[in-house]
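Only a predicted model underlies this, so the values are computations on that prediction, with no experimental measurement involved. One-based numbering along the sequence shown.
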Amino acid sequence: MKRLGFRQFILVCVLTIVWCIIAHAHQVYASNIQGQNRTIASKSEPEFKLVSQVTEQFAQTESVNNSSWQTEVSNSVRQPSPYKPTIVFVDVRLNTVSQINLPEKTYNISAEVVLEWQDGRLAFTPNNKETNTPLKFNGNDVDLILGKIWSPSFTIGNEIQPRETQNRSVQVASNGWVRVYEQFNDVVKFDADVHTFPFSNQTLTLAINSALDDLSAVAFSLREFKFNSPDPSQQIIGRWSLKKLNANTRSFSRLDSKVSFPQILIFMHIQHKPQYVIFNFFIPLFIIFVAAAAVTWIDPTKTAPHTAPRVLGTIILLLTTITLKFALAREIPAVNYITLTDAVFGVTVLILILSLIMSCTIIYLKEHVQKDVLSKRLNTNFRMIYPLLYVACMSAVFLLFYTVNWNS
C-alpha cells in the first residue's frame with residue numbers, strides 16, 4: 001500500500017509539471033501574437049497598404065522569375081521602367097576625412113549618401129491629414145521595404161573593406177518618389193604621388209559604383225556633393241587642407257560582365273598645411289645649412305686643436321642629415337622613382353662630403369706638405385664659395401622638379 005501511494009504521488013507531480021510547461025508555452029505564444037498585432041496596428045493605414053502592395057508585387061515578380069530565367073531582375077524586383085534606364089539622383093555629403101596615410105595609400109571617410117528615384121508602382125492614396133507627408137521607414141522596416149521593392153544599391157569601388165553603415169532610412173511619397181538615406185564609415189584606397197613630397201598635392205578619390213544594375217537599367221545623376229561644413233578644413237583631420245573638390249559621372253566594367261555600370265567619382269585635392277612643410281622640411285634644412293657654413297669658419301691652418309672640431313662637426317652634420325632623410329622617408333610610400341626629398345637630402349649629403357674632403361685636404365696641406373699659404377688660400381676661398389654652392393645646387397634641384405613634375 002505504501003508503494004502504491006508513493007507511485008500515485010510521483011504521477012501527480014509529473015502531471016502537474018507537464019501542465020505548467022504547456023500553460024507557460026501557451027502564454028508565451030499568445031504574447032508573441034499580441035505583440036505582432038500591436039506592431040501591425042501601430043502602422044498607419046497608408047504604410048500598411050504600401051507593405052501589402054509591395055508584398056503582392058514581390059509575389060508577382062517571383063512568378064515571372066520562375067517562368068522566365070532570362071528576365072533581368074535587381075534586388076528580386078525588376079526596375080520601374082523595363083525599356084529605359086531609371087534616373088537615380090545622388091547627393092553626397094562628406095562629414096570627415098581622417099587618417100590620411102601616404103605609406104599605406106589609404107584614408108578614412110565618414111559620409112552620407114542619398115539616392116532618389118521615382119517608381120510609379122509605389123504610388124498610394126494618402127490620408128486627408130497626411131497629403132504631403134511621405135511614409136518613413138527606419139530600423140528593421142528598411143530591410144523589409146528594400147527587400148521587396150527595386151532599389152539601386154551601391155558600393156564603394158575603391159574601399160579595402162566593407163563599409164560600416166551607421167544609419168539608414170527610406171521615404172516613399174504618395175507619387176511613388178523614393179528616397180533612400182545612408183550614413184557610413186569606410187577605409188578607402190587612393191593613388192599617392194610623392195614626386196615633389198612634401199609639396200605634392202594628393203588626390204583622394206571616392207568611387208560610388210552601381211552594385212547590381214548596369215547602364216541599361218540605371219543612370220546616375222549627381223545632384224550635389226559637398227562637405228558638411230562650410231569650412232572644409234574642419235572636416236579634414238590632420239596636417240592636410242582642401243585645395244579643390246570636384247566630381248563627375250563615368251562608367252566602369254566588371255570582370256564578370258561585358259556591359260558597363262554607372263559610377264560617380266569624387267575627387268578631393270588636398271595639400272600639406274604650410275606649418276608642416278616649414279617645421280618638417282625647411283627649418284631642418286636651414287639649420288643644417290647654417291651649421292655646415294659655420295663649421296667652415298673653423299680655421300685648421302692656425303692651430304692643430306682646430307682640426308678635430310671641423311672634421312668631427314662635418315661628420316656629425318652628415319650623419320644628422322642621413323637620419324633626417326630616413327625619418328621623412330617613413331612618411332612616404334616606397335616608390336621606384338626619385339622624389340624631391342631624395343634629391344634635396346642627396347645634394348645636402350654630397351655638399352657635406354665635399355666640405356669634409358676640403359677640410360681633410362686643407363689639413364693635409366698644412367700639416368704634411370707644409371704649404372701654409374696654399375692651405376690658407378684654399379680655406380678662405382672655400383669658406384666663401386660653400387654657401388653660394390649650396391644655394392645654387394638647391395635652387396637647381398627645385399627648379400628641375402618644378403618644371404618636370406609640377407607642370408605635368
Full working for side chain to side chain contact (heavy atoms under 4.5 Å, CB included) between Val178 and Leu122: CA-CA 9 Å; Val178 186; Leu122 302 180; 3.7 Å; yes
Considering only heavy atoms from C-beta outward, does the side chain of [X] approach that of [Y] to under 4.5 Å?
X      : Y      : answer
Phe398 : Phe199 : yes
Phe220 : Ile87  : no
Leu94  : Asn228 : no
Phe137 : Leu144 : no
Met268 : Tyr107 : yes
Arg330 : Pro103 : no
Tyr181 : Val170 : no
Trp150 : Val218 : yes

Single hit among Leu365, Thr296, Ile362 for side chain to side chain contact (heavy atoms under 4.5 Å, CB included) with Asn379: Ile362
Any Lys/Arg nitrogen of [X] or [Y] sitting under 4.0 Å from an Asp/Glu carboxylate oxygen of the other?
X      : Y      : value
Asp143 : Arg168 : yes
Arg223 : Glu116 : yes
Lys325 : Asp342 : yes

State whether a side-chain donor-acceptor pair under 3.5 Å links [X] with [Y].
X      : Y      : answer
Thr165 : Gln183 : no
His272 : Asn201 : no
Glu112 : Asn95  : yes
Gln202 : Ser200 : yes
Asp214 : Ser216 : yes
Asn248 : Arg250 : yes
Asn185 : Glu164 : no
Thr339 : His195 : no

Distance-only, no hydrogens or angles: does the [X] side chain make a donor-acceptor pair with backbone N or O of [Y] under 3.5 Å?
X      : Y      : result
Ser229 : Asp231 : yes
Ser221 : Phe89  : no
Arg179 : Ala173 : no
Thr380 : Arg377 : no
Ser359 : Ser355 : yes
Asn158 : Lys189 : yes

Reported [atom1]-to-[atom2] distance for the pair [X] and [Y], which is rounded to 0.5 angstrom:
X      : Y      : atom1 : atom2 : value
Leu222 : Ile208 : CG    : CD1   : 7.5 Å
Leu352 : Ile316 : CG    : CD1   : 12.0 Å
Leu317 : Leu324 : CG    : CG    : 12.0 Å
Thr321 : Leu350 : OG1   : CG    : 11.0 Å
Ile351 : Leu318 : CD1   : CG    : 12.0 Å
Ile109 : Gln235 : CD1   : CD    : 11.0 Å

Shortest non-hydrogen contact from [X] to [Y]?
X      : Y      : answer
Ala192 : Leu102 : CB-CD2, 3.9 Å
Pro152 : Asp213 : CA-OD2, 4.1 Å
Pro198 : Val277 : O-CG2, 4.0 Å
Ala219 : Pro85  : N-CB, 4.2 Å
Ser210 : Phe261 : O-CD2, 4.1 Å
Val113 : Phe184 : CG2-CE2, 3.6 Å

Leu356 vs Val311, side chain to side chain contact (heavy atoms under 4.5 Å, CB included): CA-CA, chis, key distance, verdict: CA-CA 6 Å; Leu356 182 62; Val311 175; 3.8 Å; yes
If you count the non-hydrogen atoms of other residues, nucleotides and ligands that lie under 6.0 Å from [atom1] in [X], is the total more than 12?
X      : atom1 : result
Phe279 : CZ    : no
Asn140 : CG    : no
Lys244 : NZ    : no
Phe286 : CZ    : no

ring-ring contact (aromatic ring centres under 6.0 Å, His included) between Trp117 and Trp177, worked out: CA-CA 6 Å; Trp117 71 97; Trp177 194 261; 8.7 Å; no
Test side chain to side chain contact (heavy atoms under 4.5 Å, CB included) applied to Asn108 and Asp186, step by step: CA-CA 6 Å; Asn108 292 11; Asp186 207 348; over 6 Å; no
Residues Tyr386, Phe382; criterion ring-ring contact (aromatic ring centres under 6.0 Å, His included); working and verdict: CA-CA 6 Å; Tyr386 181 82; Phe382 183 73; 5.7 Å; yes
Residues Ile236, Phe227; criterion side chain to side chain contact (heavy atoms under 4.5 Å, CB included); working and verdict: CA-CA 10 Å; Ile236 300 180; Phe227 276 90; 4.2 Å; yes
